[in-house]
Amino acid sequence: MQEKIKFLFKFKKATKMSDKNPAKKEPEQSDTNAKEKPENDINENNQPSNIRMKLGDYMVHIFIEQGRALMPPGGADTSDPVIAVTAFNQQKSTKALNDVGGSSIVYWGEHIFIEGKNIHPEEFKDQRITIEVRDHNKLWKDALLGVHEIDMVYIYSQKDHAIIHRWVVLSNPEDENFDVVRGYLKIGVSVLYEDDKAVDLAIREDMSIKDKEMLLPPHVKPVTVQLITQILKAESLPIMDTGGTLDAYCVARFAGAESKTSTQAADKATLSAYWYEEIYLPVLVPSVTNTMSLTFWDYDSTSADDLVGSVIFSFDKIKRGLYKDYFWANIYGAPPLAEGEAAEFMNHVPQHASTWRGRVLLRQWVEDGVSETYKKTQKISEPNIQIKIRDTFEVGQEFEIRAQILSGNALPFKKGKYSVVVSWSGVESISSLQQTETASIDWYETLKRQICMVPNLAEKDLPDVFIYLVYEDKRICYARIKPSACINKNSQAEWVSLIPDKSIGKVKENWKAGFLRVRIYIGLFDNDNDELRTGNWDQKLIKPKMEDWVLLAHVFQARDLPAADGVGLSDPYLVIYCAGVEVSTKNKPREQTLNPRWYETFPMQIRIPTIEDAPPVILSVFDYDVISKDDMMGRALINLSDASLNTEIVARPKWYPINLGTPESEKGAILCSFTLARPMSVPRFNITPKFVDKTVEINILGLRGLKPAVGFLPVKKAFVRVDLNSLELPEVSQGVKFLQTQPFEGGSDPNINSTLSFRCKIPEDPLYAPVLTCTVCDNLFAGLSQPLIGTFSIDLGKYSSQKSRKSQLLLDQFMRVTTNLTQNRPGIEEEKISVEPKSAKNQPEILVPPKFEAVDLSDYAETEAKQDFKHLVPIKAARSDEYMSPKGYFNVSQEEVELEIKEDFTKFSEKVITIEDAVNNNKIVIMPQYKENKSKKMIEIYPPNPDNYLCIGYNREQNDGKKHYRYYLHDELEKTPAFQRSAFEEFDILRGASRGVDELPTLHSTHQEKDGQKSTVECVGKFKALIRVIDYPPKWQPFGYLTGLMGNKDFPDEDSDFETIARTLLVKTQCVVRVYIIDAMSLEQKDAFSKSDPYFKLKLGGRVINNREEHQEDVCDPKFYKCYDFETTIPGQSLLKLSMWDYNKVFPDSKIGTTIIDIEDRFFNKTWRSLKEVPIETRALYLAASRRPQGYVRMWVEIHYNTIIPDPVDISLRPPASFEARLIIWRCEDVENMDFEGVSDLFVRAWINQEKDKETDTHYRCQRGKGSWNWRMKFPISLPQPENTVTIQIWDRDIFSRNDFIAETSFEFNELAAAAIEENRRIKKKGPAEGWKDRVLNEENEKFWVNCKKRGKEGGFEDGGKVLISFELVPEMRAQACPVGEGRNEPNVDPKLPPPIGRFEWSLNPLKMISQLCGPEFKMKICLAICCALCCMAMIFVFPMFISSVMSNLVTK
């Protein structure tokens, strides 16, 4: 048997650790749960509760597949269901279906997209997706059929942030019978962040998994439990009304069900409200919703109710019984009467609230096994509950809070009067009002000790401490501290960062909030043993003697600062602030750079109590503007304890990130260090590092995708300008200030093919490596105008240090191994091995045979990924199609061959494999395998996993090789390890500003970044080049020599690669780029009331392919399956652009999004060129105005030399096949009689795939539920379809009223349709046979019974009879050749349908007519009535005779 060749394909990852300097102590957030602290729970859905979210945009994508057993509301027979999806406070709906019964299977196949903008992580955790099914009514409000609610966190915690082909249960929380299942929906849901990978919710479903297997618990047998919340009282509520109180009520909500308490007026003295009520909510478990919320409101009769605050609970903890006993929960929210988005956010997300709004006494538990559930609110029936609560929970312990306010630093406003308020558990202490001129204040006050009563059990969850900074009588900033951080009497004062209260709006920027140095203690108050001396709380605070220090701020440079000018540059200057002292370089800003260099020491005379108690150093970077106000670019916070006290040498600097007060706003970093010295001995430092001479070579390939610099003028002749001054120290003059290329080639993708080489001095220590500033300009009007297109920067430290480190690692290993050889070799005491280049050719033979161990790159992993130095070896393994013909093997049995095939292919059909596995095993392309079944038909075996492989093409004949499976990536190829790094260095050319946009006059569109800042920054092109930094003068490097000597493939000779690619760029290569476009998915909706009508444009160079004439209407997942060839020259115009557009008849077409592939990157990439087959990749479509993908396209690209062009792969879809579906309704049994006569006028209505329905004739006066039709229905259908369903309904026809619905059934024929398409032949469906003998033998027949169901009065399913049918699919050509009639019309053949039996016949015999018009029971009633009438008549005639006879006898006697 042929041996399989396996190759090693290693991908190693290196992580880069960045040191971040923590600021002073941040205020801690509090819990809202009473019993225990937050923990990393794993709930019943294996959903981690500590999912880390990001601030930004999220897209919710819901794929509504099908529904079944949708229960019509109000006892109706049918409904017109429509699905409404709500997320992020937005609602979108599907189309409405008509006349759907309670047991039908209905198919929607609709995609719904809802976008959430700038969603905060805490806000995201409270978001839910609500799916409602309603009965559509054109005139009145839609009636609710059922609802299902899902937590977004649950979806985001799933694999790929999605659930696919999942059945969910519908319930109706508005109905009393909550536990009745209202139906099922089959859906797919994904929740994706901006940079998450695409998910195909409509992916091919595994046909081997039946719905009954998918409908396992919790979806088929949901258990209804009762969630009970007892709300007893709330205290310390805020004043919300002008009368000095509030009218409070509470709303409990979980999983779409909600109920509220009564409204109670709070007591004016204690602001306590009493309810003594319990809220019942029905819950289906297990549930994918885990957040239960209590919101407290103030009722207003004349205006909208005001939200007081909220409390959030985990349903998992409620189920575990953690809240079954009475407990207190703290209510948090925005300041009273605050309005706006910020206040609403605080009220709904307690973790980010700025105010304690009181506490509530409650208990919660779940009752299992209840016979009936309710949604209601009622009074607690427990006797003497009020006395119990009064005696137990209206008493408690006295707690005290002590506070000392020492200092404030970097306060929001430089001048003004400030005070501080410390608030806790309803008591407050206020400091004195102090004036400042420097944004720094020293209070050194011990605030009045406050004592408050904390009720019993409330000590288990004490409220957070709030510290407010008051300015102009407004609490403009706050800090929130956990009480657990304040329980030590002997604790020292600490600096806390303030947060601006956005609901107040006085301070809008986070970086302006400032710092306070405070000391807080919370504990039990013991009046008998009050030890104020402990912790020196009894002593009056005296401002300590300040020590004079000289703070030497050594500022070296900054890099990657945000742009604050419209051209994409800034004029940065520094402001250093510490302890009220400020130093600024505003008079000497660094002009037109984002990477300024200072290399300057700034002395600052500061006065601080001690170094440990000193405020942080605030190093701010501003952009200098001549006309408008200077813009804040960012700040860095440095603890003064980080400063060095060694005045002999300069402290080694660190890179400190700069931001605007939040981690999300971090952009750029600054290199600095600090020294503290006494005023009498201030040292003078030379902070200039050691420089070495280097040669920088930039081999420029060209510019790609440039946007115009001026308005709508096209790019004329762009060129690159390099600012050499950016490499020099400040105040050092440079002879040549700029180097630039020649404006030679025009257009937006000019090839430059020039090398810029220059000598410069670069710091020897890579920590100080400079950044080269480059600009791209256009050459307009013969050079009279050279407007700036954009800028980019090159970090030379990346190139100057990486090669020397790799060389040293390899050289160290070489010397270590050779030393071991000389020590272990017999007869050799010492042997010297030369590594000089001259002796390389005459190397001693002892160096040839040894096997060298792999180089350990663990030390290097922190700076560069290992895969950067690895390339794939050529793949020569056998193609999988070698298994197609087992006859090709020699001396191997057929059983052995089949066994190997099974082992090989089941590995790829049963598990998810990575791209590495596919490449290593040469399984990018897998050919289908076939085997004869018992019927001598070839069937496919071992299909690969659909999560990894897409089926491409189809076989025209059996096993003709047209069909294959191709590996597909859920991401772009450039983002996968298989692609590794590009052969070229690529830099985004940027233009626009991300700071101070409001004050910039601009014609460019603005967008909001993740940190909330407005920005006009856009990528206006790319710069591609080869870059290296080498020693000057050049020195011999043993790198390439040792690599070849040791045969180490992990370390290719990059100098050789540089030279090879540089030479290749001098030769133009003619190529053919072949583009295969498979499909698109999740396309953004561009039309207001319908999905987009997508088509694509494909562009490479000057050739554009427009697919507009083949646009597809109202789809978000179009199928294209197109192949196109482009002729191009490399290097040359290499940007392949695929744009997706929305077709409009009247207005201009709207762009959906664009993806760009750089052909040159792939052509010169070693990994790409070694691939024998190319995988399918999923590429995101982007618009310039949005960070979020607007959809995804699946495609693959091949590059061929024009001398050897293979035939394209046939990827065309199988054309839709036309079939005639023939459904024969033979008869029915056990159908309920609908008329009072005991008969029904039965007819059957049927349809296929939501197409127009058809009806049989009517069996009038049908008795005993046995109808007969023998009726054929013909439905022309086109296959394949997403879902194939036959729906059959039994109706009772009424002449003077609406027809009565009796029962229905639905069945799917997906497998039958697939077989009909594949074999293109007539196929009949078989089912349970009609005859009792066949039923006993469990045999199937072409005539089979289908059971019909109907909804009972209580919502359950009941038998509604059964119908005998036949069903088959006939190809259109055969149906035309052998036609059959509709109903019982001619040609009545195949099979011949006899006239139905038991039909009504006209007759002159009244008895026969009565017998036909009435049912058996009614006929029995008629007979009894006639008998009774005859008896009465007989009695009437006989009674006079009997009376006369009796009277005669009496007279005779």
Side-chain angles (χ1 to χ4, degrees), residues 56-57 115 117-118 194-195 560-570 592-595 623 631 633-634 664-668 702-716 718-721 747-750 773-778 780 786-794 972 974 986-1024 1084 1099 1135 1137-1140 1150-1158 1179-1191:
D57 299 346
E115 182 181 12
K117 291 280 192 179
N118 293 317
E194 301 164 8
D195 51 4
D560 301 328
L561 297 179
D565 295 337
V567 296
L569 296 172
S570 299
Q592 296 295 288
T593 181
L594 300 179
N595 307 283
D623 171 61
D631 303 314
M633 301 172 68
E664 296 84 7
S665 61
E666 184 176 305
K667 279 190 178 180
L703 302 169
R704 299 292 180 260
L706 294 179
K707 295 183 180 180
V710 180
F712 297 98
L713 292 178
V715 178
K716 189 68 175 177
F719 62 92
V720 179
R721 178 179 293 162
S748 60
D749 302 298
T773 300
C774 306
T775 57
V776 178
C777 302
D778 201 359
L780 301 178
Q786 294 183 341
L788 181 68
I789 295 178
T791 66
F792 63 94
S793 300
I794 302 174
E972 299 174 4
E974 291 85 351
E986 190 173 280
F987 301 89
D988 288 338
I989 305 171
L990 302 177
R991 180 178 62 203
S994 60
R995 297 289 187 267
V997 174
D998 292 333
E999 299 182 10
L1000 286 175
T1002 178
L1003 298 177
H1004 301 285
S1005 61
T1006 62
H1007 60 272
Q1008 196 171 37
E1009 296 190 342
K1010 298 178 182 179
D1011 57 356
Q1013 298 291 317
K1014 289 185 178 180
S1015 174
T1016 60
V1017 174
E1018 60 175 335
C1019 181
V1020 294
K1022 293 185 181 294
F1023 170 80
K1024 297 179 65 176
E1084 188 80 1
K1099 179 181 180 182
L1135 295 183
K1137 298 181 180 180
L1138 174 63
S1139 301
M1140 205 67 62
S1150 305
K1151 180 185 285 189
I1152 298 175
T1154 302
T1155 186
I1156 300 176
I1157 299 177
D1158 196 318
R1179 302 192 63 86
L1181 301 169
Y1182 287 96
L1183 276 179
S1186 176
R1187 301 188 301 265
R1188 185 185 51 78
Q1190 305 296 297

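The structure presented is a predicted model; accordingly, all values stated were derived computationally and were not measured.
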Original post:
For the residue pair Ile1152 and Leu1183, what are the closest heavy atoms and their distance?
Top reply: O-CG, 3.4 Å
Original post:
Are any non-hydrogen side-chain atoms of Lys1022 and Leu703 less than 4.5 angstrom apart?
Top reply: no
**OP:** Might you work through the side-chain contact (heavy atoms from CB on, under 4.5 Å) test for Thr1154 and Leu1181, ending with a clear yes or no?
**Re:** CA-CA 5 Å; Thr1154 302; Leu1181 301 169; 5.7 Å; no
Subject >> Thr773 side chain vs Leu594 backbone, donor-acceptor pair below 3.5 Å >> reply: no
Original post:
Using 4.0 Å as the upper bound for N to carboxylate O, is an ion pair formed by Glu974 and Arg1179?
Top reply: yes
Original post:
Closest heavy-atom contact between Ile789 and Ala718?
Top reply: CD1-CB, 4.2 Å
Original post:
Quick one: does Ser570's side chain have a donor or acceptor within less than 3.5 Å of a partner on Ala564's backbone?
Top reply: yes
Original post:
Is any side-chain heavy atom of Asp778 less than 4.5 Å from a side-chain heavy atom of Pro708?
Top reply: no
Subject >> With Glu194 via side chain to side chain donor-acceptor pair (under 3.5 Å) - residues at least two apart >> reply: Arg1187
Original post:
Mind checking what makes salt bridge (charged side-chain N to carboxylate O under 4.0 Å, His left out) contact with Arg721, not counting sequence neighbours?
Top reply: none
Original post:
Thinking salt bridges, do Arg704 and Glu986 make one under a 4.0 Å N-O criterion?
Top reply: no
Original post:
If you take all heavy atoms of Lys667 and Pro562, which pair is closest and at what distance?
Top reply: O-CD, 3.8 Å
Subject >> Pairing of Lys1024 and Asp1158 as salt bridge, 4.0 angstrom limit >> reply: yes
Subject >> Heavy atoms of other groups near Lys1099 NZ, more than 12 under 6.0 Å >> reply: no
Original post:
Within a strict 4.5 Å, meaning less than it, do heavy atoms of the Cys1019 and Leu990 side chains meet?
Top reply: yes
Original post:
Between Ile794 and Cys774, what is the shortest heavy-atom contact and its length?
Top reply: CD1-SG, 4.0 Å
Original post:
What's the spacing between Asp623 CG and Leu561 CG if we round to 0.5 Å?
Top reply: 10.0 Å
Original post:
Would a 4.5 Å heavy-atom cut-off, applied to side chains only, mark Thr791 and Gln592 as touching?
Top reply: no
**OP:** Kindly indicate whether the side chain of Lys1151, heavy atoms from C-beta on, has any atom under 4.5 Å from the side chain of Gln1190.
**Re:** no
Original post:
Do the side chain of Asp749 and the main chain of Gly705 share a donor and acceptor less than 3.5 angstrom apart?
Top reply: yes
Original post:
Hey, is the main chain of Lys117 close enough, under 3.5 Å, to the side chain of Asp57 for a donor-acceptor pair?
Top reply: no
Original post:
If you round to the nearest 0.5 Å, how far is CE of Met633 from OG of Ser994?
Top reply: 8.0 Å
Subject >> Minimum side-chain heavy-atom gap Phe1023-Val776 below 4.5 Å >> reply: no
**OP:** For Gln786 and Cys777, work out which heavy atoms get closest and say how close.
**Re:** O-CB, 4.2 Å
Subject >> Over all atoms of both residues, closest heavy-atom pair of Gly790 and Val1020 >> reply: CA-CG2, 4.2 Å
